[in-house]
> 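What follows is a structure written as C-alpha cells; I'll ask about it next.
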2 protein chains.
Amino acid sequence: MSGLAKLSGVDISTVSRALNDSPLVNGKTKDHILKLAHETGYAINARARNLRKQSSQTLGIVIPVYPGSQQNLSDPFFLEMIAAVSQAAAKFDYDLIINLPNSPSEIAERRLLLSGKADGLIVIGQAGRIERLRSLGDAADRVVVWGGMIEAADYTLVGSDNFEGGRLVGEHLKNIGRHRVVFLGDIDLPEVELRYNGLMSVWKGDGADASVMHVRSSFDGHEAYRQMLALCEGAESFDAVFAASDVLAIAAIHALQSKGLRVPEDVAVVGYDNIGQAAMISPGLTTIDQNIKLGGEILVNTLVDKIAGNPVRATLTPTKLVIRGSTVGG
Amino acid sequence: MSGLAKLSGVDISTVSRALNDSPLVNGKTKDHILKLAHETGYAINARARNLRKQSSQTLGIVIPVYPGSQQNLSDPFFLEMIAAVSQAAAKFDYDLIINLPNSPSEIAERRLLLSGKADGLIVIGQAGRIERLRSLGDAADRVVVWGGMIEAADYTLVGSDNFEGGRLVGEHLKNIGRHRVVFLGDIDLPEVELRYNGLMSVWKGDGADASVMHVRSSFDGHEAYRQMLALCEGAESFDAVFAASDVLAIAAIHALQSKGLRVPEDVAVVGYDNIGQAAMISPGLTTIDQNIKLGGEILVNTLVDKIAGNPVRATLTPTKLVIRGSTVGG
DNA sequence: TAGCAAAATACAACCGATTGCAAAAATCAC
DNA sequence: GTGATTTTTGCAATCGGTTGTATTTTGCTA
C-alpha cells in the first residue's frame, strides 16, 4: 500500500480510502489508484486489516468426530453441511475455517474465538460439547449450534424439526400398514431422541397394536450393520426399520438383504438426511430431507446477527418426507 | 497482553517471551505469568501475531465445484480429503480455510494467498484451474495441487497413481474373464484419462479379443445414471463397467438393476475411491483405494515444505484394489 | 477578487503482538 | 569487594493497514 502511495503520489490514507471505495476521495484519484492497484496486482494485507479492524472476516465450523461424539466423519451429511455453510458465509464475504477435533480435549472453540482467528463459530451437534460451550464466557455470544431443540440449551440453537421428521416417518409407516418398527440409532443424542419421540407420537393412544423397538447404534455404518445382523438372528420380528441417518439405513438394507430379507416387501426401511446416495441405491431410500442448504444459510445468518450484537432466537428448519422404493416399491 | 504485564509487573515484551516459552525469561517469572494467563483465560491475539510474524498459520483448501469443473460436491471423496488434510494440518498447528468456489470466475486462490489469509494453498483437481494457477506469480510457490500426473504441469502435483489404478482394474477384469468393458467417466480430465489408459494397457498387443467402450459422464451420479440407462437401451453389449468414481459406480449399478441386469452375474462393476458407502451397498463395490488419508498427509507435508522454501518434487501415493461382491460375488 | 463552504488530502495515532538491542540485575572469579 | 560475565528485563521499532482530525485545495457567491 505504501508502494501504491508512492506510485500515485498521494498519502497511504488516501490509497486506503480509495481501495475501500470511500466517498471521501475524488473520483479521478480513485480511478487512478484502482488502476495502479490492478496493474501491480496489489492485494490488501488481510493480516494488517484484521488487526486494525478487530475482525477477521472468518467464521469457524467445528465438527466433533472423536469416538465419544457419536458422530461419524465419513457421513456425507457433513459434507453437505459444510458446503451449505461455506456458500452462505461467502455471501457475507466471510471465509470459513474448518475444525475437526478428534479428541474431546481439543479446545478448538476457545482457541479460534478468543484468539480472534474466527469472528464466530458454528458447532455441529451438541453431544459432549455443552459444558465446553458454557466455558466460553462472553465469547459464547458468537456461537451457534446445529442440533435438536432441547430445553436445557442456553446457547443459540438452529436445527431441523426432528420431532416432526420422526412423526412424518411414523405416519408413513402407519399408512403402508407397518406396525412392528425397529428404531435404529442412539436415543441418548438429543436429535435422535426427538426423532424417536416423533415416531412414537403417531401411535400414542392408538389401540396399541404397534410396537417400536429401539436398537442402539452410533452413526457408524459398520456398527449399525452388525446390530442389524444380530437382530435378524434373534427372535424378534419386525416389518420396518427407521434409521437415524441414511448411512445407517443403507447399512441396514445391506444387512437385511444379506440375511435374505427383501426390502421393502419383508421390511420397509426409512433413513434420515436424504444424502446424494439415497436416490442412487437399489431400492431407492425413503428418507427425511432436512433441507441442509437452508439450514446452513440460517446458521450463518443467525451467527452474523449475533456477531453484530443483535438478539436472536432458536430456529427450526422445515422437514420433508421423500418417498422412494425402500418403503413402497417392490 | 498489556493486562498481563500490569498484573505481573513486568514489561509486555517479557510477557510475550514467557507465553512463547522463550529461554530468555527467568523460570519463576515465566511460571508466574503463565499462571496469571491461565487464571484470566488469556489467549494471544492471533491477528496481531499474524501481522507481526508475517504468517497466519492457516492453509487453504480450494475445491472447485462449479459445473464446468466436472467435480461434484456431494461426492464423499471430498469429505474424506478435507478430513485428511485438516488432520494433517493440525499436526503443524495450521488451521484450514475451506473454499468452494461455485463459479470459475471466483479467484479464491489469489485472494487467499496474496492477502495473506492463508500461508499456502491446496487445490483439489486441476481441471480449468491451470491458467489460474499460472497467474499467481510468486505466490504459486505456496500451492500444491491434487491431481493426476501430467507432463504439462509446472506446479507441484500430488496424487495417487491413476494409471496403476486403472491397470489393476483391467487386470482384475481380465482375470475374471470380462472382455467387453464400459469405461464410465470423462477422459478429458487428466486423472480420468490416466485411469482409462491404465485399463487399456492390460490388453495392449493381446490378441485384441477385448473391447473398451468410453461412455462419457461427469462426476455427477444422476448423469451417469442416465447415460447407463441409455446404454442399456442401445445395441451394445458389455459384461463389465469401470466407473471413474464410486458415486458413478453406484449410479451405474442402480441403472443396471433397474434394467433387470444382475450385478455381478451379467455385468461386473468396479468403482474408484473406496468411499464409506462402497462396502455398504449390495452387492459390495469392488473399487480402487487411493489412500486418501495418506494423500492428505503428503499434500500438507509437501505444502509446508514449499512454504519453508524447500524444493519439492511431485509425489505419487500408492493405490490398491479392493475386491467385493460387485465383481466376484453372486 | 475576497470570503466562505465544501471537497479532497495529509498527518498521526492506533490495533496487539514480536524482537533486536540496550540496560539492569544477578552470578561468578579472584 | 571489585570487575567481568551471564541472566534477565525493559525500551522502542516494526508489521501494514484504518480512521479521527487537521489542513489544504477547490468551487462558489457576491
> Base, sugar-phosphate alone, or nothing: which one does A/Arg47 contact when heavy atoms must sit under 4.0 Å apart?
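Nothing, no nucleic acid heavy atom in range.
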> Below 4.0 Å from chain B heavy atoms, what is the first contacting nucleotide of DNA chain C and what is the last?
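The contact span of chain B on DNA chain C goes from C/dG16 to C/dC21.
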> Please identify the 5'-most and 3'-most nucleotides of DNA chain D with any atom under 4.0 angstrom from a heavy atom of chain A.
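Boundary nucleotides touching chain A, in 5' to 3' order, are D/dG16 to D/dT21.
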> Check whether any side-chain N or O of B/Ser56 sits under 3.5 Å from a backbone N or O of B/Gly116 as a donor-acceptor pair, and report yes or no.
yes
> On DNA chain D, nearest-nucleotide positions of B/Ile12 versus A/Asn45: which is more 5'?
B/Ile12
> Under 4.0 Å from any atom of DNA chain C, heavy atoms only: list the residues of residues 18-35 of chain B that qualify, in numerical order.
B/Asn20
> Both B/Thr14 and B/Leu51 contact DNA chain D. Which one's nearest nucleotide lies toward the 5' end?
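Closer to the 5' end of DNA chain D: B/Thr14.
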> Evaluate the side chain to side chain contact (heavy atoms under 4.5 Å, CB included) criterion for residues A/Asp93 and A/Gln57: first the C-alpha distance (whole Å), next the side-chain angles of each, then the deciding distance (0.1 Å), finally the verdict.
CA-CA 7 Å; A/Asp93 288 323; A/Gln57 281 298 303; 4.1 Å; yes
> Would you compute the distance between atom NZ of A/Lys6 and atom CG of A/Leu36 and round it to the nearest 0.5 angstrom?
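If I round to the nearest 0.5 Å, the distance is 14.0 Å.
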> Do B/Arg47 and A/Asp119 meet the salt-bridge criterion of a basic N to acidic O distance under 4.0 Å?
yes
> If the threshold is 4.0 Å, N to carboxylate O, is there a salt bridge linking A/Glu80 and A/Lys293?
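No, no charged N to carboxylate O under 4.0 Å.
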> If I compare all heavy atoms of B/Leu113 with all of B/Gly120, which pair ends up nearest, and what's the gap?
CD2-CA, 3.9 Å
> How many angstroms lie between atom CG of B/Leu59 and atom CD1 of B/Ile97, to the nearest 0.5 angstrom?
9.5 Å
> Any base atoms under 4.0 Å from A/Gly3, or only sugar-phosphate, or nothing? Heavy atoms, all strands.
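Nothing, no heavy atom under 4.0 Å.
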> Using modelled atom types and a 3.5 Å cut-off, is there a donor and acceptor pairing between side-chain atoms of A/Arg17 and backbone atoms of A/Ser22?
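No: the side chain of A/Arg17 does not pair with the backbone of A/Ser22.
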> Between B/Asp220 and B/Ser218, is there a side-chain donor-acceptor contact under 3.5 Å, judged purely by atom types and distance?
no
> Nearest nucleotide by nearest heavy atom, which residue falls closer to the 5' end of DNA chain C, A/Arg52 or B/Asp11?
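That would be A/Arg52.
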> Regarding B/Lys306 and B/Thr156, do their side chains bring together a donor and an acceptor under 3.5 Å, going by distance alone?
yes
> State, without any angle test, whether B/Asn291 and B/Thr317 hold a side-chain donor-acceptor pair at a distance under 3.5 Å.
no
